[in-house]
2 protein chains.
Amino acid sequence: MPVPKGSTIDPERTRAAILEAATSVLYERGLDGIGVAELCARIGVSKETLYRHFGTKDGLVEAMLQARSDRVTRWLAGVVATAGDDPRDQLSAVFDALQEWYDDPVFRGCAMLNAAAQHHVEAVRAITARHLDRYLELLTGIAERAGAADPGVLGRQLLMLVEGATVVAAHHGAAGAGEHARQAAHALLSAASGTAPHR
Amino acid sequence: MPVPKGSTIDPERTRAAILEAATSVLYERGLDGIGVAELCARIGVSKETLYRHFGTKDGLVEAMLQARSDRVTRWLAGVVATAGDDPRDQLSAVFDALQEWYDDPVFRGCAMLNAAAQHHVEAVRAITARHLDRYLELLTGIAERAGAADPGVLGRQLLMLVEGATVVAAHHGAAGAGEHARQAAHALLSAASGTAPHR
DNA sequence: AGCCGATCGAACCGGCCGGTACCATCTGCG
DNA sequence: CGCAGATGGTACCGGCCGGTTCGATCGGCT
């Protein structure tokens, strides 16, 4: 019994479909770069349905960002998990994955940072901050496993490299951004763990 | 004869005053976060005057961003110029200056990146790209003087650190961001020039 | 079949948007 | 002084904004 109460056309699926469709449109056009009317037309849903599910445009935005943060975090964690046990390989895997993202024609920078830059709603900024927290946790884990002297600091420096590479790729050309960031990350890791550089 | 034709209340000064006042308001509120009417009220100028000088809100935005890019570039170049001849000291000076910026209560991230993230006008993206070019030129210069094996690559990696530190400071807490980025930059420079770390 | 809830499509709302027009006022120059 | 240009203040424009409402339709469950 997947749907508890008597229902019909499966609102859950509708909600999920709206979220998925809205994610790409809002990423492409910007949160305030498209009105609700046009957004609904693109998604293929009526305004009433959208408002019934999310109450407000901001509500949709927040739900969309949260879902996107979840998805990205799972994606990166998976990349790390399938990269083997060597933390250096894990770090390489992260930047290789980022480079693939940068090369995607629809790449327009980090959606969370874009959202926080344009939207002054506190909830949006909170989602962005939590998103960076998740990145930091993942990178600090790599730093710990690599035996860094201060994994917290190294994790934060790696976070700066990740976000910096994304910014540079978005606004200054994607070519080689992930590669250069990966080399820099390895240099930092080597310096922090006192071992010879990898490769 | 500073003013060629017969004029009166000095339009040049008015234009400069509008630019300066608009810079802080648009930075604080976001380019699309404030309307022309309220913007004029805050600046203390009539709509007609604003439109006479800039033609369009986008025109004002572009002029403002260009002026801000010029100012920031001059500021950073000055910081480097007064830091002595050692490229490592110059690098430290850059990140120390950035940290002071991060600690400013009005700090809300890089204005160019924020603008490019929210505004889809091509001219804005071009100004942002040129701004990053200027950063890159400055950092590549430091990399060259430090004897880096590949100053272009090191310059780009330093650019990622600068932008990454700014992003992290804006959205994840400013405390220590410049410091951590500075240490990372020194580690990269040491690794790239094959010398012992500074300090 | 018959009901109920989900959905659609479109009309509608007050309000604000960017931008324009008009006129009174002020300032400096001759 | 008197003129010309710069400015302020305000009303106004069409259009789009986010959000609400209503009736018609549709789909699954009993």
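All values below were derived from every heavy atom in this structure, side-chain atoms included, with hydrogens, water molecules and symmetry-related copies excluded. Everything quoted here is computed from the prediction, not taken from an experiment. A note on names: the letters A, B, ... follow the listed sequences, proteins ahead of strands, and every chain is numbered from 1.
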>> Suppose we screen for ring-ring contact (aromatic ring centres under 6.0 Å, His included). Which residues come up paired with B:H119, at least two apart in sequence or across chains?
In response: none
>> Does the plane of the ring in A:F107 sit parallel, tilted or perpendicular to the ring in A:W101? Use 30° and 60° as the thresholds.
In response: perpendicular
> Nearest-Å distance, CG (A:L50) to P (C:dG9)?
Replying inline: 14 Å
> From the list D:dA6, C:dG19, C:dT7, which nucleotide is the closest neighbour of the side chain of B:T14?
Replying inline: D:dA6
> Near DNA chain D, which residues from residues 55-63 of chain A have a heavy atom under 4.0 Å away?
Replying inline: A:T56, A:K57
> Does A:E48 or A:I34 map to a spot on DNA chain D nearer the 5' end, using the closest nucleotide for each?
Replying inline: A:I34
> Whole Å only: how far is the CZ atom of B:R13 from the C1' atom of D:dG5?
Replying inline: 18 Å
>> Rounding to an integer number of Å, can you tell me how far B:I18 CD1 sits from D:dG8 P?
In response: 8 Å
> Side chain of B:Q118, backbone of B:G30: donor and acceptor closer than 3.5 Å?
Replying inline: no
>> Please determine whether a side-chain nitrogen or oxygen atom of A:R52 lies at a distance below 4.0 Å from atom OP1 or OP2 of C:dT7.
In response: yes
>> Donor-acceptor check, side chain of B:Y27 to backbone of B:G109, threshold 3.5 angstrom: yes or no?
In response: yes
> How close or far is atom C1' of C:dG18 from atom NE2 of B:H119, stated in whole angstroms?
Replying inline: 12 Å
>> Just to be sure I understand the geometry, which residues of residues 39-47 of chain A put a non-hydrogen atom under 4.0 Å away from DNA chain D?
In response: A:K47
> Once you round it to whole Å, what is the distance between C1' of D:dT20 and CZ of A:F54?
Replying inline: 18 Å
> Could you give the distance from OH (B:Y102) to OG1 (B:T166), rounded to the nearest 0.5 Å?
Replying inline: 3.0 Å
> According to a 4.5 Å side-chain heavy-atom criterion applied to Ile, Leu, Val, Met, Phe, Trp and Tyr, with indirect links allowed, do A:V153 and A:L188 form part of one hydrophobic cluster?
Replying inline: no
>> Taking only side-chain N and O atoms of B:T49, does any of them lie within less than 4.0 angstrom of OP1 or OP2 on D:dG8?
In response: yes
> To the nearest 0.5 Å, what is the distance between CD (B:E137) and CZ (B:R130)?
Replying inline: 13.0 Å
>> Under the criterion side chain to side chain donor-acceptor pair (under 3.5 Å), I'd like the reasoning laid out for B:R108 against A:H120: C-alpha separation, chi angles, the key distance, then a yes or no.
In response: CA-CA 11 Å; B:R108 285 205 3 96; A:H120 281 210; 2.9 Å; yes
> OP1 or OP2 of D:dA6 less than 4.0 angstrom from a side-chain nitrogen or oxygen of B:H53, does that happen here?
Replying inline: no
> Are A:M112 and A:R68 side-chain neighbours, meaning at least one heavy-atom pair lies under 4.5 Å?
Replying inline: yes
